[in-house]
Number of protein chains: 2
Amino acid sequence: MNQHLKGSLSTIILKLLHDNGRMYGYEITQKVKELTQDDIQITEGALYPILHKLEAEEVLTAELEKVDGRTRKYYKITPKGNAVAVDRIAELKAFAENLNLILNPKLSLS
Amino acid sequence: MNQHLKGSLSTIILKLLHDNGRMYGYEITQKVKELTQDDIQITEGALYPILHKLEAEEVLTAELEKVDGRTRKYYKITPKGNAVAVDRIAELKAFAENLNLILNPKLSLS
DNA sequence: TTTGGATGCATAAGAATATTATGTATGTTT
DNA sequence: AAACATACATAATATTCTTATGCATCCAAA
């Protein structure tokens with residue numbers, strides 16, 4: 001995993017679920033890979049504990065579903081969790097903007 | 001501190017030192033506050049251990065200087081550390097771009 | 001046909017990184 | 001005199017991720 005991802009991972013997961021409605025773990029890893037052109041690869045050891053934690057906090061709910069012989073665990077954001085998700089996503093957006101401010105500081109127009 | 005900052009903090013410090021040449025710890029915290037309009041406040045408990053670690057890795061060197069009665073510890077990037085700094089800054093830029101891709105996914109033009 | 005790779009979930013030990021609290025000290029403002 | 005800003009530092013704790021491992025199914029290649 002990209003070391004800079006640390007701290008932002010759970011919010012990225014919330015963002016994907018917020019956009020896509022319903023996803024399972026492996027699907028989330030593939031979606032992030034696709035969106036970032038293989039730049040960000042979420043490890044399973046990071047992913048699953050986050051999903052379990054968000055479920056325990058009742059931000060997410062899960063349903064098992066068997067597809068083509070394999071069991072998938074689909075997650076979605078709960079109504080209660082929606083406010084949390086929206087907040088964190090807004091914070092992540094602000095952080096991304098702050099990163100841009102730091103990485104591309106405006107030239108002083110003297 | 002913004003929770004999303006976790007993992008990016010050391011690279012942000014390297015970026016500021018790379019841009020500004022020579023800074024002391026407290027100055028770094030103030031510069032980040034200024035650039036981000038008070039959005040990001042670096043805590044001292046996070047800052048100083050990072051500076052010490054980068055110094056131990058010989059990415060930074062430090063010089064004590066007494067100014068107006070107070071001792072400042074000025075840091076700068078070593079020639080050897082420059083390559084590390086440039087790499088990490090490039091990775092952080094790539095991460096910021098990836099964040100934008102995730103946060104603002106392109107609409108599918110069907 | 002069996003081996004490897006992709007799909008799919010899970011957890012545990014350890015490392016890395018930050019929080020929170022605390023301590024010391026000087027200068028400036030109220 | 002007290003409060004606040006400047007300036008550095010560290011320790012205990014918490015959070016978050018890595019690395020390794022385990023289990024199981026499906027599909028393709030050898």
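Small disclaimer: the values here were computed from a predicted structure and weren't measured. Because only heavy atoms are used, hydrogens play no part in the values below, and waters and symmetry mates are left out as well, while side chains stay in. All chains are named by letter (A, B, ...) in the order of the sequence lines, taking the proteins before the strands, and each is independently numbered beginning at 1.
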To the nearest 0.5 angstrom, please state how far the [atom1] atom of [X] sits from the [atom2] atom of [Y].
{"X": "B/His18", "Y": "B/Leu16", "atom1": "NE2", "atom2": "CG", "result": "11.5 Å"}
{"X": "A/Tyr24", "Y": "A/Thr29", "atom1": "OH", "atom2": "OG1", "result": "8.5 Å"}
{"X": "A/Leu35", "Y": "B/Asn104", "atom1": "CG", "atom2": "CG", "result": "11.0 Å"}

Note to self: Is there a side-chain contact between A/Thr43 and the phosphate of D/dT18, meaning an N or O under 4.0 Å from OP1 or OP2?
What the structure shows: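 For A/Thr43, the contact criterion (side-chain N or O under 4.0 Å from OP1 or OP2 of D/dT18) is met.
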May I ask you to verify if any side-chain N or O of B/Lys53 is less than 4.0 angstrom from the OP1 or OP2 atom of C/dT17?
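So the side chain of B/Lys53 is within the cut-off, an N or O lying under 4.0 Å from OP1 or OP2 of C/dT17.
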- Under the salt bridge (Lys or Arg N to Asp or Glu O under 4.0 Å) rule, what do A/Lys93 and A/Glu97 come out as? Steps first, then yes or no, please. CA-CA 6 Å; A/Lys93 276 185 183 161; A/Glu97 283 159 22; over 6 Å; no
Taking [atom1] from [X] and [atom2] from [N], how many angstroms apart are they, rounded to a whole number?
{"X": "B/Arg70", "N": "D/dC4", "atom1": "CZ", "atom2": "C1'", "answer": "11 Å"}
{"X": "A/Gln3", "N": "D/dT18", "atom1": "CD", "atom2": "C1'", "answer": "13 Å"}
{"X": "B/Leu5", "N": "D/dC17", "atom1": "CG", "atom2": "C1'", "answer": "16 Å"}
{"X": "B/His4", "N": "C/dT17", "atom1": "NE2", "atom2": "P", "answer": "18 Å"}
{"X": "A/Phe95", "N": "C/dA18", "atom1": "CZ", "atom2": "C1'", "answer": "13 Å"}
{"X": "B/Ile50", "N": "C/dA15", "atom1": "CD1", "atom2": "C1'", "answer": "15 Å"}
{"X": "A/Glu65", "N": "C/dG8", "atom1": "CD", "atom2": "C1'", "answer": "14 Å"}
{"X": "B/Glu57", "N": "C/dA16", "atom1": "CD", "atom2": "P", "answer": "10 Å"}

- Query: Is it the case that one hydrophobic cluster holds both B/Leu103 and A/Leu101, taking links as side-chain heavy atoms less than 4.5 Å apart, direct or via other members?
  - Reply: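 Cluster IDs for B/Leu103 and A/Leu101 differ.
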Looking across every strand, which nucleic acid part, if any, lies under 4.0 Å from B/Lys66 by heavy atom: base, sugar-phosphate, or nothing?
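Nothing: the residue B/Lys66, judged by heavy atoms under 4.0 Å, touches no strand.
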Using the 3.5 Å cut-off, write out each protein N or O paired with an N or O of nucleotides 9-13 of chain C and the distance between them.
{"from": "C/dC9", "atom 1": "OP1", "to": "A/Lys73", "atom 2": "N", "distance (Å)": "2.7"}
{"from": "C/dC9", "atom 1": "OP2", "to": "A/Gly25", "atom 2": "N", "distance (Å)": "3.4"}
{"from": "C/dC9", "atom 1": "OP2", "to": "A/Tyr26", "atom 2": "N", "distance (Å)": "2.7"}
{"from": "C/dC9", "atom 1": "OP2", "to": "A/Tyr48", "atom 2": "OH", "distance (Å)": "3.0"}
{"from": "C/dC9", "atom 1": "N4", "to": "A/Glu44", "atom 2": "OE2", "distance (Å)": "3.0"}
{"from": "C/dA10", "atom 1": "OP1", "to": "A/Lys73", "atom 2": "NZ", "distance (Å)": "2.9"}
{"from": "C/dA10", "atom 1": "OP2", "to": "A/His52", "atom 2": "NE2", "distance (Å)": "3.0"}
{"from": "C/dT11", "atom 1": "OP2", "to": "A/His52", "atom 2": "ND1", "distance (Å)": "3.2"}

Not counting sequence neighbours, list each pair that qualifies as a side-chain hydrogen bond (donor to acceptor under 3.5 Å, both in side chains) and has a residue in residues 77-92 of chain B.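 For residues 77-92 of chain B, and leaving out neighbouring residues, there are no side-chain hydrogen bond (donor to acceptor under 3.5 Å, both in side chains) pairs at all.
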ask   = For B/Asp68, does the CG atom sit with more than 12 other heavy atoms under 6.0 Å from it, leaving out its own atoms?
value =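 Atom CG in B/Asp68 is not crowded, with 12 or fewer foreign heavy atoms closer than 6.0 Å.
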